[in-house]
Amino acid sequence: MTSKKNLITCAIDYVNASPHLGHALEKIFSDVIARYHRIAGEDVLFLTGVDENSLKNVRAAEKEGIRVNELIDKYAQKFYKLKESLNLSYDDFIRTTEKRHILGAQKLWLACQKDIYKKSYEGLYCVDCEEFYKERELVNGLCPDHKTKPELIAEENYFFRLSRYTEALKKSIEQDKIRIIPETKKNEVLSFVSRGLEDICISRLKERARGWGIDVPSDPSQKIWVWFDALSNYINALGYGENNDKFKEWWQENENKLHIIGKDILRFHAIYWPAILLSADLNLPNEIFSHGFITVNGKKMAKSVGNVIDPYELVEKYGADAVRYFLLAEFPATEDGDFTYEKFENKYNGDLANGIGNLFERVFTMAKNHTLEAEIDLEIKNLQEKTEKIYSEKMINYELYEALNAVFAFSKKLDQYINQKEPWRLLKNEDAKAGEILSTLIFGVKNIIDWLKPFMPTKMEEAKDYLKNLDNQKEKLNLFPRIR
């Protein structure tokens, strides 16, 4: 019997600046899902990367007074190094200037040839979004996301017949052939599609692109629109350009293809990308999970706003597992969550130092040098089974915040169990009942370690190793030292 395959992808990031905490949120969320499926014994291919062909990268290089190649190399490395800093477990990291990507992007263009035509066009273009906007879509004349004034562009470009796929997309989304999570975002996409889709511009003149980007096949005067190019990374990393077995196995023949993306790029992934795949006669993704933003004082984190939190600095100060935990435990991923250092430290002290860390310390201290082979208390055993069921259901549905809530409810019950049973008193009196209580507590702690391992892999591995050699430990574990 072959193992279930899970292709898990998150958005590739523009390399016009250093990564911020918002980028870290998406990568950590994806990593936890990947780790969960690996622990379950399933095959996982976790993919991320960087988008290097954007016009905003060109302008950033001009602003810094360096060549575009220098800029993208500098920032691509900073994004790649998040793997080590945040303890990410992705299997592949694709750069859109790689040969395998260019080959695949041009192949996809040719596969969509029947739906591509050329015409003159004038429109309002937001460089930050890399997208044309209608006048009615602007807010006070500004891009609704970046609050900048779009540029008026008039040129002859290639267009993709998105309008041809209105009904096919509507049907696929309504029937959950492409499952969009959460439901509110599914309804949002359906509403947009139901108003009727218009064809989209998918190229730009070489001059406007400053000569940067992927050439349109057979027309070097035009560069492929960065979104048409970037979206193809999901199949190019699998070998679409070379038509190899990996692409067939992980994309064409796989029914578990998940895109994890921010709500600001949902339209590209839930409408444009599936339409392009339909045109090219390729299979669709199965699920698209749309997450919210990290805000700072209620504003979306962005370099232009000046409220960026550096994930590297946060990890240096508090550790990777603490950062991973906070970003997933403070708010549901489908909603926006506000970040402050005060919130971070309060969450750390309350949940980790005084919560899990303290529970583990209490149990390990009492259990050291005692026989732990007694029967498990039925009340705790039943609660563990109930928690396991809730945890599994939440994890499968990407409700990581809710899964953590279930784990912490269980851990609080263990704390209450200790206070009610007073095992320290029974141990002092050499009461045989102490063995059952300690065995029950160790049973509970082992389950908490297993449940939290996808979220805090390093700390839970430390706890697991400590427990394996409990009787010989000289020092306290001190898993989460309190922040003063």
Side-chain angles (χ1 to χ4, degrees), residues 10-11 13-14 17-32 78-79 81-82 85-88 128 144-147 182 184 260-265 289-359 398-409 411-412 452 454-459 478-484:
C10 46
D13 302 303
Y14 291 126
S18 296
H20 57 62
L21 199 59
H23 298 114
L25 168 65
E26 183 171 292
K27 305 298 179 281
I28 292 166
F29 186 91
S30 305
D31 183 69
V32 171
K78 291 188 176 185
F79 277 92
K81 287 178 181 177
L82 285 176
S85 179
L86 297 170
N87 196 6
L88 305 173
D128 287 321
D145 190 30
H146 295 96
K147 315 303 180 191
T184 53
I260 298 169
I261 49 98
K263 62 182 180 179
D264 56 334
I265 55 174
F289 182 93
S290 173
H291 64 78
F293 297 137
I294 297 177
T295 59
V296 178
N297 297 321
K299 292 183 178 179
K300 180 187 174 184
M301 193 177 297
K303 185 181 177 184
S304 57
V305 181
N307 63 352
V308 165
I309 303 294
D310 185 337
Y312 287 106
E313 290 181 6
L314 210 58
V315 168
E316 183 68 27
K317 188 172 183 180
Y318 301 109
D321 278 12
V323 173
R324 289 170 65 100
Y325 175 76
F326 175 84
L327 292 178
L328 300 178
E330 179 66 10
F331 53 90
T334 54
E335 300 174 13
D336 292 348
D338 205 54
F339 176 89
T340 66
Y341 282 94
E342 183 182 9
K343 280 184 180 180
F344 187 100
E345 293 189 356
N346 287 341
K347 189 75 173 174
Y348 175 96
N349 283 335
D351 288 3
L352 301 181
N354 298 338
I356 292 293
N358 184 57
L359 172 65
Y398 318 124
E399 296 175 297
L400 308 191
Y401 171 84
E402 292 80 1
L404 284 171
N405 282 344
V407 175
F408 274 79
S411 72
K412 286 177 181 176
L452 291 182
F455 296 88
M456 297 183 282
T458 302
K459 290 295 185 181
N478 200 22
L479 202 59
F480 297 105
R482 184 176 170 80
I483 299 170
R484 304 296 175 189

Just distance, no hydrogens or angles: give the donor-acceptor pairs under 3.5 Å from side chains in residues 398-409, sequence neighbours left out.
from, atom 1, to, atom 2, distance (Å)
Y398, OH, E287, OE1, 2.4

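The CG atom of N307 lies 11.5 Å from the CZ atom of F339; values are rounded to the nearest 0.5 Å. Here L86 contributes atom CG and K27 contributes atom NZ; the two are 10.0 Å apart, rounded to the nearest 0.5 Å. Rounding to the nearest 0.5 Å places OG of S290 at 8.0 Å from CG of D264. Going from atom NZ of K81 over to atom CG of L88 covers 15.0 Å, rounded to the nearest 0.5 Å. Rounded to the nearest 0.5 angstrom, L327 CG and F344 CZ are separated by 7.5 Å. Here the straight-line distance linking atom CE of M456 with atom CG of L328 works out to 10.0 Å at 0.5 Å rounding.
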Going through the distances and angles, do I28 and F455 end up as a side-chain contact (heavy atoms from CB on, under 4.5 Å)?
-> CA-CA 8 Å; I28 292 166; F455 296 88; over 6 Å; no
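Across all non-hydrogen atoms, the minimal contact from A11 to I265 is CB-CD1, 3.8 Å. Residues A24 and P311 share a closest heavy-atom pair of CB-CB, 4.1 Å. Summarising the geometry of H291 relative to G262, their closest heavy-atom pair is NE2-N, 3.3 Å, with the distance given to 0.1 Å. Closest approach of V315 to S85, counting heavy atoms only: CG1-O, 3.6 Å. The two residues A322 and L352 have their closest heavy-atom pair at CA-CD1, 4.3 Å. Nearest heavy-atom pair across S411 and I356 is CB-CD1, 3.8 Å.
Remark: E26 engages no residue in a salt bridge (Lys or Arg N to Asp or Glu O under 4.0 Å) (not counting sequence neighbours). In this structure K459 satisfies the salt bridge (Lys or Arg N to Asp or Glu O under 4.0 Å) test with no other residue, sequence neighbours excluded. Residues satisfying the salt bridge (Lys or Arg N to Asp or Glu O under 4.0 Å) test with D336, not counting sequence neighbours, are K263.
Applying the salt bridge (Lys or Arg N to Asp or Glu O under 4.0 Å) rule to pairs touching residues 306-328 yields D31-R324, sequence neighbours excluded. Judged as a side chain to side chain donor-acceptor pair (under 3.5 Å), the pairs with a partner in residues 343-355 (not counting sequence neighbours) are, in order, Y318-E345, Y325-D351, K347-D351, N354-R482.
Looking only at side-chain heavy atoms (C-beta outward), F331 and I294 come within less than 4.5 Å of each other. Considering only heavy atoms from C-beta on, D13 stays 4.5 Å or farther from P19 through its side chain.
Annotation: H23 is in aromatic contact with F79 [ring centroid separation under 6.0 Å].
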